[in-house]
Amino acid sequence: MKKVQSTCNYCALDCNLDFYVEDEKIVKVIPTKGYPVNNGFSCIKGLSLDKQQTVVKTSSLPKIKQDDGTFKRVSWEEGYKYVADKFLSIQEKYGQESVAGISTGQLTLEEFAIYGHVMRNFLKANVDGNTRLCMATSVVAHKQSFGFDAPPYTLKDVELSDTVILIGSNPVVAHPILWDRIRSNKNKKLIVIDPRKSETAKHADYWYGIKGKSDLILLYTVANILIEKDYLNHEYIEKYTEGFEEFKGFVKKYTIEKAVEATGIEAERILELVELINKGERVSIWWTMGVNQGYEAVRTAQAIINIALMTGNIGRPGTGANSLTGQCNAMGSRAYSNTAGLFGGGDFDNPVRRKRIAEVLGVEDEVLATKPTKPYNVIVEEINSGKIKALWVICTNPRHSWTNNKTFQEAVNKLELFVVQDIYDDTDSAKECDVYLPVVPGIKKEGSYINTERRISAMRPALTKGEDERTDFEVIYGIGKALGMGSLLDKWKTPRDVFNLMKECSRNMPCDMTGVDYDGLVDSKGIQWPFKEGEVLKEDERRLYEDNLFYTPSKKAKFMFEDVRENPLQTTEEYPYVLNTGRGTVGQWHTQTRTREVRFIEDVSSEKAYIYINMALAKELGIKENDMIKVSSINGQSSEFMAKPTEDVGYGELYAPMHYIECNNLTPSLYDPYSKEPSYKTTPVNISRL
Ligand SMILES: Nc1nc2c(c(=O)[nH]1)N[C@H]1C(S)=C(S)[C@@H](COP(=O)(O)OP(=O)(O)OC[C@H]3O[C@@H](n4cnc5c(=O)[nH]c(N)nc54)[C@H](O)[C@@H]3O)O[C@H]1N2
Ligand SMILES: Nc1nc2c(c(=O)[nH]1)N[C@H]1C(S)=C(S)[C@@H](COP(=O)(O)OP(=O)(O)OC[C@H]3O[C@@H](n4cnc5c(=O)[nH]c(N)nc54)[C@H](O)[C@@H]3O)O[C@H]1N2
Ligand code: SF4
Ligand SMILES: [Mo]
């Protein structure tokens, strides 16, 4: 029996798993012992990765839609040529930016990189990722506050913290192995800020049931009181930060009375939170989508960072203002997708970085993309306005997951070419495509992943792929060849080649990984960046900013702040309730294309879309458990759900898991102004019984 250690490609923890293989069949999956993230444990999703061994059910060849609407299977060479010729003819007719792509945080680092090379460098097309729906807010917040997209923590910090604060984060469901590690810390107080009494809030020592999207007022008020009471680390503020005096003046107007009204949290409880932060010696504040997905999300994330800075809770064990990533390789896509910045970081208009990247790739400067991509929302809008005519979607399912998702359907109807590359041909997006490119799942691929704590780990194939089967890497390379890239692909032949290129691109950047060896990652504990050539690893778990030096020009962290804005989408008489959305259960993953394969998960998951509604409100409206209700949204759409009355959501609030396409039928086209991340979590709606 062969044993292959590889990385779970669901959530951002990137647990490692040992796949035991006999006669090209995975016979058991055992979470890797000694791996720093998950040390012998994993959740049901990781344990069920073997269910994807039968994944490509129909054929391993591409299919192309014919004039009569039927699909024809073609050879891979024909498929590559068809897509490449179409891209080129569309660009010739309508201009370079008439071709666009949507990438993901779930591919390998090498796959995003080559996609970014083909699409952004060679075709000069716009490519954004589903990371826009997820991490864009943290990226912008980190860049502005720290000078680089570099989150401070290592996961061990949850074990070392005496005060763990989770804001808009539900690890019991979304990051189960992190939850295990939080639980193993017996000496902590656990504080949860979430409008719902989430699965995690139920286990908290202190739960603050905040009114949706009022976190910024709460955080500014907390900062104001910390200043008034002089609960500050003056030395830290003075030596390692800038902008504090301005911030201090700014937050004066955030009085507790206003905060009580805006947040729905009582004055004593806000003061209690302030005292908890002050009493903690090692306070860590963790945030996820409850913060990132909002109309003033970047400033909210930075308000968390400000609190960590002013109290000196950063760069020490058990501290930090810590953004948790969602997808398995969101960190990899942030640094190596060539979408928002150059490979390894740096702006597209930075001549020094351009020169360096051109040198590493062995190309002239003009080969490199010249500007950041247009964001996801603009790509969808430009398809709808007729500017973009061709779209290549890889490893994401936007027909389901995009906000106000009918706008994606409308867009697709206008495309001349819609290419979907997925492991299934029946996803809501693939059903709409003109060309379907079937690829193998993670268990047959090789490459690298970077997890939420910056840990680089190896994905290695547990199974050998069949003769006609292709990996994402091979397909992108094949289309690049067919586009006529010629020698521009000479350094990009294998994942190993691309890893080594990206390693060079990272040299002397904050995410330096020049000390990481592609083969050395195999059967290892993974390695967090930065890890420079020649460096000796002293510890398996390392945090950033222990030297109190940040990546800004002054090396100091910046206080970033701005007046709280009025919610652009208020409830009205017509839409009096607020719809919150997010993860439903540990077993369900996003649009459920993969987790539906797992019998155990399917058996316990509802087939129909469901929605949680407050018990008292349900009673008032005559709604009983499992009644079908119609929810109408301020975006003009309505969906039907099975009602689940509960005490866990407040009166006037609803909560719908995002795993059903009905959910994003209702979410609005509203974005944070800086990160352009959708505001998925507070939509004014109305309900009626069916
Ligand atoms: N089982 C499972 N695990 C997953 C995923 C999955 O699909 N299934 N997806 C992965 C991905 S990509 C991601 S990004 C992560 C997401 O991980 P999380 O962000 O933890 O998950 P969500 O359920 O989206 O949102 C977290 C909480 O934010 C709360 N919230 C909503 N609005 C507000 C607000 O205004 N303020 C505050 N303070 N809280 C608010 C919600 O009530 C919810 O409980 O999960 C990852 N893990
Ligand atoms: N209302 C609401 N909407 C949300 C959110 C929310 O909280 N609320 N959260 C948002 C967030 S944080 C995220 S990250 C997005 C996620 O949204 P999506 O990215 O659309 O969700 P997935 O279901 O993970 O889609 C991944 C696709 O890739 C395919 N796939 C799996 N493995 C491979 C592979 O190796 N290669 C290829 N080519 N394909 C593969 C899967 O079959 C699936 O179709 O949803 C966002 N949408
Ligand atoms: S916790 Fe995340 S990485 Fe670990 S097994 Fe579960 S889904 Fe995979
Ligand atoms: Mo995400």
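All values derive from a computational prediction rather than experimental measurement. All ligand and atom numbering here is 1-based and tracks the order in the structure.
Residue contacts with ligand 1 for K45 involve side-chain atoms from C-beta outward but no N, CA, C or O (heavy atoms, distance under 4.0 Å). Residue contacts with ligand 1, taken as heavy atom pairs separated by less than 4.0 Å, involve T585 solely via the backbone atoms N, CA, C and O. Proximity of H659 to ligand 1, defined as any heavy-atom pair under 4.0 Å, is confined to the side chain (atoms from C-beta onward). Looking at Y10 against ligand 1, nothing comes within 4.0 Å, counting heavy atoms. When heavy-atom distances to ligand 2 are checked against a 4.0 Å cut-off, T396 comes that close through both its backbone and its side chain. Counting heavy atoms closer than 4.0 Å to ligand 1, residue N580 contributes side-chain atoms (C-beta onward) but none from N, CA, C or O. Heavy atoms from both the backbone and the side chain of L133 come within less than 4.0 Å of ligand 2.
Between T667 and ligand 2, no N or O atom pair is found at a separation short of 3.5 Å. Polar contact with ligand 2: absent for R594 (N/O pair, distance under 3.5 Å). Inclusion of N9 in the set of residues having an N or O under 3.5 Å from an N or O of ligand 2 is not warranted. The shortest N or O to N or O distance between P171 and ligand 1 is not below 3.5 Å. Considering backbone and side-chain atoms together, T593 places an N or O closer than 3.5 Å to an N or O of ligand 2. Of the N or O atoms in T581, none lie within a sub-3.5 Å distance of an N or O in ligand 1.
Proximity annotation for atom 27 (C) of ligand 1: of L219, D194, T452, V173, D194 comes nearest, heavy atoms only. Looking at P398, C395, G447 and measuring to atom 40 (C) of ligand 2, the nearest heavy atom belongs to C395. For the residues G290, A174, P657, the heavy atom positioned nearest atom 17 (O) of ligand 1 is part of A174.
The shortest separation from a heavy atom of M135 to ligand 1 is not under 4.0 Å, leaving the residue out of contact. Using 4.0 Å as the threshold, Y680 has no heavy atom nearer than that to any atom of ligand 1. Under a 4.0 angstrom heavy-atom cut-off, T104 registers as lying outside contact with ligand 2.
Every atom of ligand 2 with a heavy atom of Y424 under 4.0 Å away is listed here by number and element: 42 (O).
Relative orientation of the Y610 and Y660 rings is perpendicular, given thresholds of 30° and 60° on the angle between their planes.
At a cut-off of 2.8 Å, measuring from atom 8 (Fe) of ligand 3, the protein N, O or S atoms that fall short of it are C8 SG, waters left aside.
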